[in-house]
Asker: 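One structure, pasted below without further comment.
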Number of protein chains: 2
Amino acid sequence: MSQSLDTTFAALADPTRRAILSMLLEDDMAVTDVAEPFEMSLAAVSKHLVILTKAGLISQEKRGRVKWCKIEPNAMKDASVWMQSFGQFEELDMDAFERFLETELGV
Amino acid sequence: MSQSLDTTFAALADPTRRAILSMLLEDDMAVTDVAEPFEMSLAAVSKHLVILTKAGLISQEKRGRVKWCKIEPNAMKDASVWMQSFGQFEELDMDAFERFLETELGV
DNA sequence: TGCATGTTCAACCATTTGGTTGACGATCAA
DNA sequence: TTGATCGTCAACCAAATGGTTGAACATGCA
């Protein structure tokens with residue numbers, strides 16, 4: 001169930017949430033581990049995860065005490081399609097992708 | 001000059017602004033004409049246009065009394081690329097992507 | 001049982017956002 | 001010059017956003 005473009009774009013507008021998505025690209029993570037690198041409270045990160053979940057960008061599953069977060073890349077599809085309707089950048093642009101890696105991940 | 005992902009995604013998160021972009025896809029428009037279909041004040045639409053301009057998603061040029069608005073589709077490129085870096089996982093093999101990151105970028 | 005760990009909840013706060021209105025400056029046209 | 005039109009500005013407002021803290025709940029373990 002893809003969410004509205006409102007919800008998706010709003011969720012992606014926050015750098016903390018985009019960083020979380022990048023982290024989850026590597027592997028599924030527990031909430032506490034997601035929060036670790038950020039200089040904000042666990043509760044704040046937990047709220048970000050709720051927003052990402054409501055946007056459908058991640059899913060959360062509780063196993064025991066631990067709640068695991070998993071990225072849901074399909075949720076970005078509608079938004080991606082919307083943007084592509086503006087044309088001219090359909091294919092993955094490697095230069096731009098590398099710039100993204102530099103700025104977002106510090107690679 | 002593409003703006004930050006923050007600014008771009010935040011600009012795209014509002015339905016009025018996305019509607020404006022769709023309208024401008026058809027043709028360049030004057031501010032008053034952009035505002036016409038919306039049930040809000042001209043000042044409110046004018047503010048939306050400022051936000052779109054700051055995000056680099058449109059440009060504005062004054063000719064005489066009239067300020068013309070023009071879409072700048074390239075501004076969406078970075079954001080689109082960012083999203084596609086996730087969307088690729090639908091079609092592409094994740095292991096292959098990670099090998100790509102290792103070999104191409106040394107991540 | 002009892003304590004430590006993982007996570008959320010509730011209340012609160014400051015800032016931002018998206019809207020309003022009325023006044024204003026700039027431009028065109030008679 | 002005198003209006004009418006185009007668009008922004010300034011002040012204001014309600015609601016949403018992103019953060020805090022402390023308490024609470026749920027689970028695992030000695």
Side-chain angles (χ1 to χ4, degrees), chain A residues 3-24 27-72 75 79 104, chain B residues 3-24 27-72 79:
Chain A
Q3 299 301 302
S4 71
L5 292 176
D6 285 38
T7 316
T8 306
F9 282 129
L12 294 175
D14 184 276
T16 301
R17 289 194 289 266
R18 289 199 309 278
I20 290 172
L21 290 175
S22 293
M23 290 163 59
L24 292 177
D27 211 348
D28 298 357
M29 295 177 79
V31 171
T32 303
D33 296 330
V34 169
E36 197 275 329
F38 297 102
E39 292 188 344
M40 69 180 69
S41 67
L42 178 61
V45 172
S46 177
K47 281 193 196 176
H48 282 303
L49 291 170
V50 167
I51 291 169
L52 288 169
T53 301
K54 284 187 177 164
L57 291 163
I58 68 168
S59 59
Q60 291 183 288
E61 183 198 355
K62 192 166 181 183
R63 286 202 295 276
R65 269 188 302 199
V66 176
K67 204 162 182 182
W68 292 91
C69 305
K70 179 182 189 306
I71 198 161
E72 296 287 345
E104 285 292 311
Chain B
Q3 299 302 301
S4 71
L5 292 175
D6 285 38
T7 316
T8 306
F9 282 130
L12 294 175
D14 185 276
T16 300
R17 290 194 290 265
R18 288 198 309 277
I20 290 173
L21 290 174
S22 294
M23 290 163 59
L24 292 177
D27 209 349
D28 298 357
M29 294 177 79
V31 172
T32 304
D33 295 330
V34 168
E36 198 275 330
F38 297 102
E39 292 187 345
M40 69 180 68
S41 68
L42 176 61
V45 172
S46 178
K47 283 194 197 175
H48 282 303
L49 291 171
V50 168
I51 291 169
L52 288 170
T53 301
K54 285 186 175 162
L57 291 163
I58 67 168
S59 58
Q60 293 184 286
E61 184 197 355
K62 192 167 180 182
R63 287 203 293 275
R65 267 187 305 198
V66 176
K67 204 163 183 181
W68 292 91
C69 305
K70 181 181 187 311
I71 197 161
E72 297 287 345

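Proteins get letters first, then strands, A, B, ... in listed order; numbering begins at 1 in each.
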Asker: For A/Leu42 and C/dT5, give me the distance from atom CG to atom P, rounded to whole Å.
Answerer: 14 Å

Asker: What's the CG-C1' distance between A/Asp14 and C/dT17, to the nearest Å?
Answerer: 15 Å

Asker: Could you report the tightest heavy-atom contact between B/Ala10 and A/Ala13, atom names first, then the distance?
Answerer: N-CB, 3.6 Å

Asker: Is there a side-chain contact between B/Ile58 and B/Lys70, using heavy atoms and a 4.5 Å cut-off?
Answerer: no

Asker: Regarding A/Arg17, tell me which of base, sugar-phosphate or nothing describes its non-hydrogen contacts under 4.0 Å with the strands shown.
Answerer: sugar-phosphate

Asker: Does any residue of residues 64-72 of chain A have a heavy atom under 4.0 Å from DNA chain C, and if so, which ones, in number order?
Answerer: A/Arg65, A/Val66, A/Lys67

Asker: Taking for each residue the nucleotide of DNA chain D bearing the nearest heavy atom, is the 5' side occupied by A/Ala13 or by A/Lys62?
Answerer: A/Ala13

Asker: Considering non-hydrogen atoms only, spot the tightest contact between A/Ala75 and A/Ala55 and give its length.
Answerer: CB-O, 4.2 Å

Asker: Identify the two heavy atoms, one from B/Gln60 and one from B/Cys69, that lie closest to each other, and give their separation to 0.1 Å.
Answerer: NE2-SG, 3.6 Å

Asker: Which pair of non-hydrogen atoms, one from B/Met23 and one from B/Val34, has the smallest distance, and what is that distance?
Answerer: CE-O, 3.5 Å

Asker: Compare all side-chain heavy atoms of B/Val50 with those of B/Lys54 and state whether any distance is below 4.5 angstrom.
Answerer: yes

Asker: Heavy atoms, side chains only, cut-off 4.5 Å: are B/Trp68 and B/Val31 in contact?
Answerer: no

Asker: If I take atom NE2 in residue A/His48 and atom P in nucleotide C/dT7, what distance separates them, rounded to the nearest angstrom?
Answerer: 16 Å

Asker: Determine whether B/Phe9 and A/Arg18 make a side-chain contact, defined as any pair of heavy atoms from C-beta on separated by less than 4.5 Å.
Answerer: yes

Asker: Nearest-Å distance, CG (B/Leu49) to P (C/dG18)?
Answerer: 13 Å

Asker: Please report, rounded to the nearest Å, how far the C1' atom of C/dT8 is from the NZ atom of A/Lys47.
Answerer: 11 Å

Asker: Which nucleotide of DNA chain D is the first, and which the last, in the 5' to 3' direction, to come under 4.0 Å of a heavy atom belonging to chain B?
Answerer: D/dA4 to D/dA11

Asker: Specify the separation, in whole Å, of atom CG of A/Asp28 and atom C1' of C/dG6.
Answerer: 17 Å

Asker: Base, sugar-phosphate, or nothing for A/Ala43, non-hydrogen atoms under 4.0 angstrom?
Answerer: base

Asker: Looking at B/Arg17 and B/Leu12, would you say the former's side chain and the latter's main chain have a donor-acceptor pair under 3.5 Å?
Answerer: no

Asker: Round to the nearest Å and state the distance from B/Ile20 atom CD1 to C/dG18 atom C1'.
Answerer: 12 Å

Asker: Could you report the tightest heavy-atom contact between B/Ala79 and B/Leu5, atom names first, then the distance?
Answerer: CA-CD2, 3.5 Å

Asker: Once you build an axis from the first five pairs and another from the last five of the helix from C/dT1-D/dA30 to C/dA30-D/dT1, how far apart in angle are they, to 10 degrees?
Answerer: 10°

Asker: Work out which heavy atom in B/Asp14 is nearest to a heavy atom in B/Thr16; give both atom names and the distance.
Answerer: OD1-N, 2.8 Å

